[in-house]
Participant: 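One structure, pasted below without further comment.
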Amino acid sequence: MDRPLPPALLDGLNDAQRAAVSHQHGPLLIVAGAGSGKTRVITRRIAALVARGVAPHRLLAITFTNKAAREMAARVEQLLPGSHAWVSTFHAAAAKLLRLGGEAIGLSRDFTICDRDDLVAIVRRLLKAHGHDPKEVRPEGVVEQISLWKNHGLSPESAKQEAHEPAWRPGAAALGTVASELWPELATTMREGRLLDFDDLLLEARRLVADPIAGAPWRSRFEHVLVDEYQDTNKVQSELADLLASGHGNLAACGDPDQSIYAWRGADLSNILEFTRRYPTATMVRLEQNYRSKGAILAVASAVIEKNVHRVERGLVPVLDYGERPRLLFGWTDNDEAELVAREIFRLIADHGVRSREIAVLYRTNALSRPFEAALRARGIAYRVVGALEFYARKEVKDLLAWLRLKANPRDPEAFLRVVNTPPRGIGEVAQGQLLQAAREAGVDYCTLVEDEARRPRLKGVAGKGAVALAAWLRWLRSAPDRPVAALLQELISVVGYESHLTEAYGEIDGGERIDNVRELIADANDFDVTNPEGGLARFLEERALVQDADDAGAERTDAVSLMTLHAAKGLEFAAVFLAGLEETRLPHRRADSPLEIEEERRLFYVGITRARERLYLSHAGQRFVFGRSEPATPSRFLHDLPPHLIDGGVAADETFDAAPRAVQVVLDDEVAESEGFVAGERVEHEKFGVGKILDVVGRGRSSRVRVVFRSGEKLLDLNYARLKKVRSHEF
DNA sequence: GTAAAATATGTTTTT
DNA sequence: CATATTTTAC
């Protein structure tokens, strides 16, 4: 310990960065503004600690996403080849902790991590059993409420008193009342099924580490604990970090209050704001020099964030030159906007030699990606949508994972319910209810239950026969080796006949697409087998549960423009950034109404702006397709807040909007024509069916449909969804 | 009772 | 448009 630091680790750092890297003992708070070299400081700090004699495996670094964890681990590896510092997210760390030591606090070794969908499904069943109308009480709302309660330290019992929320609609049951009514049963179902959700992982991990006896080894396991994105930790997370560092107090927290964008998920800004009060001996380092963005971009960022009232005054000093001022783009419709963006991206790539991977289009919600995908595709520009289509959320993927889950944890009710009748084998809703009930009464797992059922049948008719078939597969599943995962999966698919089920249920074309996803899952499992030669099924499932995005799981890194939400862009940087859909009800989002929520939306805008290194574009449209309908859109209030002199051409939002024709500057006749109504007799083109002719228009407004005759036959198309394009008659 | 077919309906953000 | 729920047919 306390060996001198190799000077190379401090090379090229400013004073504040050096202080953060070389700090040795006791609590440390790093308040790091956007682009202030935070990642560099953290990795160097880890290396510095090791250089001073701390064993790498006695360091724990916690990041916000799995991707960040992987990247940081790789960077540390670069600095210190062969080191094995533990870098992970809170949830992954908690899961590992519980696998290793959970039994000491009465947890089963083979628990399953369940996602939000599983919770919602369980709650939906409970709602039904209690006779609630799922339209009056949304199961999603109940899940959200219970999650909030959990994070505030409530228990199923204590929630009863808290729940006096008025009904939002006359006659409807109050959400809080229903949630508190269902929570005990939900907890029972989870316990019996050995299920842990994301909140439970953290809560149980905290319970383990806080335990006077069982937690002792964990409280001294790490000599240093480091938490990145500290501004987005919730109470349970910060307490877990405190506990893990409680043996020595070597806790380093690193974050930026201006980039707090997860309050809706329980993130508690007071964790970082009051860090020095909790740790009075803490050293505080401020990183306030921005090495990432050009001055012009930073000027806009500052102008934006300064509007927030609930904020500690802080500066971000540009190091780079001023550069080009951000540009405002306006399109009459969302398609026009996307067209302008795609055109500009093309120009950047073709004329300025910007790499595609250095360009990002950022928006508030995933649903906004469509027009950009289409416009980029039309120009042949490679792009990838980050995070949106969750691979593991697809039905066929979930089905197969459910079989694996059932093998890993035969008491998992959600896995059982997915498996029991896919492919259909005559065990319908009623029989399923009976099986669930019987399992609970006998206290046995579902595999045992079904095998018993096959021996001494109680279900009648088709259901009984189905149970016999299912029992045979389950017996096979139980005896199959759980490694390699890809082989197990492959065999499972052929034993169950899953691929033929897909083609039967969805047809050749649709089924084929789903089979592709199945193959992708096998490839994914194979990747896992190769990279984790000793990893078993449980580990595979845990990784899939904690990692939502398939890209995240370690797929290709192609040169492509990135499309993603502002939340997903956190921690990333690009040479050119397009912030799109800057309109009221989108940014700020329509559901953000309180001043505090508006401030979080503004921080989101700020995060987006500060992703850009050299070029920034702010774009919005005058009309946008929402719910399949074109609606007028007004520029975001955040655009109005921008001082005109900071924007290219000195045009602020209100002026642009009035001067729209000049701002567009391009002829987009085709697109304009597209948004007009259709008339009988017109020629149209459909993506799948080709060119056709409108026979007549049924209904008006929201529910209007058109009857079109195509070469393949007549179709009734809902204009809200079918993407029909007009075709000039001479092209027909 | 189950399975296929018709219909309803939904969009913040995510570990 | 894709999934979830309800209706209908067997």
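Keep in mind that what you see is a predicted model, and the values were worked out from it rather than measured. So you know, we letter chains A, B, ... as the sequences are listed, proteins then strands, and number each from 1.
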Participant: Run the side chain to side chain contact (heavy atoms under 4.5 Å, CB included) test against A:Gln259 and tell me which residues pass, sequence neighbours left out.
Facilitator: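 Side chain to side chain contact (heavy atoms under 4.5 Å, CB included) list for A:Gln259, sorted by chain: A:Ala34, A:Gln231, A:Asp256, A:Tyr606, A:Val607, A:Arg611.
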
Participant: Just checking A:Arg514: base, sugar-phosphate only, or nothing, at a heavy-atom cut-off of under 4.0 Å?
Facilitator: sugar-phosphate

Participant: Touch check for A:Ala592, heavy atoms < 4.0 angstrom, all strands: base, sugar-phosphate only, or nothing?
Facilitator: nothing

Participant: Rounded to whole angstroms, how far apart are CG on A:Leu587 and P on B:dT13?
Facilitator: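 The distance from CG of A:Leu587 to P of B:dT13 comes to 13 Å, rounded to the nearest Å.
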
Participant: Rounded to whole Å, how long is the line connecting atom CD of A:Gln432 with atom P of B:dT2?
Facilitator: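 Going from CD in A:Gln432 over to P in B:dT2 covers 8 Å.
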
Participant: Measure from the side chain of A:Arg265, starting at C-beta and using heavy atoms only, and say which of C:dA4, B:dT2, B:dT14 lies closest.
Facilitator: B:dT14

Participant: Measure CZ/A:Arg138 against P/C:dT5 and give the value in whole Å, please.
Facilitator: 13 Å

Participant: A:Arg590 side chain N/O closer than 4.0 Å to the phosphate oxygens (OP1, OP2) of B:dT13?
Facilitator: no

Participant: Considering residues at least two apart in sequence or located in another chain, which fulfil the side chain to side chain contact (heavy atoms under 4.5 Å, CB included) criterion with A:Asp334?
Facilitator: A:Pro371, A:Arg624, A:Phe625

Participant: Are A:Trp264 and B:dT13 stacked, counting the six-membered base ring, centres under 5.5 Å, planes under 30°?
Facilitator: yes

Participant: Could you tell me whether A:Glu144 and A:Arg116 make a salt bridge, using a distance below 4.0 angstrom between a side-chain N and a carboxylate O?
Facilitator: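 Yes, charged N to carboxylate O under 4.0 Å.
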
Participant: Looking just at side-chain N and O atoms, do A:Arg394 and A:Asn517 make a donor-acceptor pair shorter than 3.5 Å?
Facilitator: yes

Participant: Considering just the side-chain nitrogens and oxygens of A:Asn66, establish if one lies under 4.0 Å of OP1 or OP2 belonging to B:dT14.
Facilitator: no

Participant: For residues 420-433 of chain A, run the donor-acceptor check on the side chains, cut-off 3.5 Å, and write out each pair with its distance to 0.1 Å, sequence neighbours left out.
Facilitator:
{"unit_1": "A:Asn421", "atom_1": "OD1", "unit_2": "A:Arg425", "atom_2": "N", "d": "2.8"}
{"unit_1": "A:Asn421", "atom_1": "OD1", "unit_2": "A:Gly426", "atom_2": "N", "d": "3.4"}
{"unit_1": "A:Asn421", "atom_1": "OD1", "unit_2": "A:Ile427", "atom_2": "N", "d": "3.2"}
{"unit_1": "A:Asn421", "atom_1": "ND2", "unit_2": "A:Ile427", "atom_2": "O", "d": "3.1"}
{"unit_1": "A:Thr422", "atom_1": "OG1", "unit_2": "A:Arg418", "atom_2": "O", "d": "2.1"}
{"unit_1": "A:Arg425", "atom_1": "NH1", "unit_2": "A:Val419", "atom_2": "O", "d": "3.0"}
{"unit_1": "A:Arg425", "atom_1": "NH1", "unit_2": "A:Val420", "atom_2": "O", "d": "2.5"}
{"unit_1": "A:Arg425", "atom_1": "NH2", "unit_2": "A:Thr422", "atom_2": "O", "d": "3.4"}
{"unit_1": "A:Gln432", "atom_1": "NE2", "unit_2": "A:Ile427", "atom_2": "O", "d": "3.0"}

Participant: Both A:Gly426 and A:Phe64 contact DNA chain B. Which one's nearest nucleotide lies toward the 5' end?
Facilitator: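 The residue whose closest nucleotide sits nearer the 5' end is A:Gly426.
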
Participant: Decide whether A:Ser270 and A:Asp268 meet the rule of one side-chain donor and one side-chain acceptor closer than 3.5 Å.
Facilitator: yes

Participant: Ignoring hydrogens and angles, state whether a donor on the side chain of A:Ser147 or A:Asp199 is under 3.5 Å from an acceptor on the partner side chain.
Facilitator: yes

Participant: Can you tell me the distance, in whole Å, between the CZ atom of A:Arg602 and the C1' atom of B:dT13?
Facilitator: 18 Å

Participant: Between B:dT14, B:dT15, B:dA4, which one does the side chain of A:Pro424 approach most closely?
Facilitator: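 Of the options given, the side chain of A:Pro424 lies nearest B:dA4.
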
Participant: According to a 3.5 Å limit on both distances, what stems of 3 or more consecutive Watson-Crick or G-U pairs are formed with DNA chain B?
Facilitator: B:1-10 with C:1-10

Participant: Just the rounded figure in Å: distance from C1' of B:dT14 to CG of A:Leu119.
Facilitator: 14 Å

Participant: Charged N to carboxylate O below 4.0 Å: is that the case for A:Arg539 and A:Glu542?
Facilitator: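 Salt bridge absent between A:Arg539 and A:Glu542.
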
Participant: Which nucleotide, B:dT15, C:dT5, B:dT11, lies nearest any side-chain atom of A:Ala367?
Facilitator: B:dT11

Participant: Nearest-nucleotide wise, let me know which of A:Glu396 and A:Glu429 is further upstream toward the 5' end of DNA chain C.
Facilitator: A:Glu396

Participant: Between A:Lys395 (NZ) and C:dA4 (P), how many Å, whole number?
Facilitator: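 The answer, rounded to whole Å, is 7 Å.
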
Participant: Does a side-chain N-to-carboxylate-O contact under 4.0 Å join A:Asp117 and A:Arg124?
Facilitator: no

Participant: According to a strict under-4.0 Å criterion, is A:Asn421 in side-chain N/O contact with OP1 or OP2 of B:dA3?
Facilitator: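 True: A:Asn421 side-chain N/O within range (under 4.0 Å) of B:dA3 OP1/OP2.
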
Participant: Output the rounded distance in Å from CG (A:Leu127) to C1' (C:dT5).
Facilitator: 15 Å

Participant: Round to the nearest Å and state the distance from A:Arg544 atom CZ to B:dT15 atom P.
Facilitator: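 Checked: the CZ to P distance equals 14 Å.
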
Participant: With rounding to whole Å, what would you report as the distance between C:dT6 and B:dT11 at their P atoms?
Facilitator: 16 Å

Participant: Name the nucleic acid region contacted by A:Arg425, choosing base, sugar-phosphate or nothing; use a 4.0 angstrom heavy-atom cut-off, strictly under.
Facilitator: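 Sugar-phosphate contact only - A:Arg425 comes under 4.0 Å of backbone atoms but never of a base.
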
Participant: Not counting sequence neighbours, which residues clear salt bridge (charged side-chain N to carboxylate O under 4.0 Å, His left out) with A:Asp516? List them please.
Facilitator: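 Checked A:Asp516 against salt bridge (charged side-chain N to carboxylate O under 4.0 Å, His left out); zero matches.
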
Participant: For DNA chain B, which residues in residues 563-572 of chain A have a heavy atom at a distance below 4.0 Å?
Facilitator: A:Thr565, A:His567

Participant: Please report the closest heavy-atom contact between A:Asn271 and A:Tyr230, naming both atoms and the distance.
Facilitator: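 Heavy-atom minimum between the residues: O-CE2, 3.5 Å.
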
Participant: Closest-nucleotide mapping onto DNA chain B: is A:Leu604 or A:Val462 further toward the 5' terminus? I mean the 5' end.
Facilitator: A:Val462

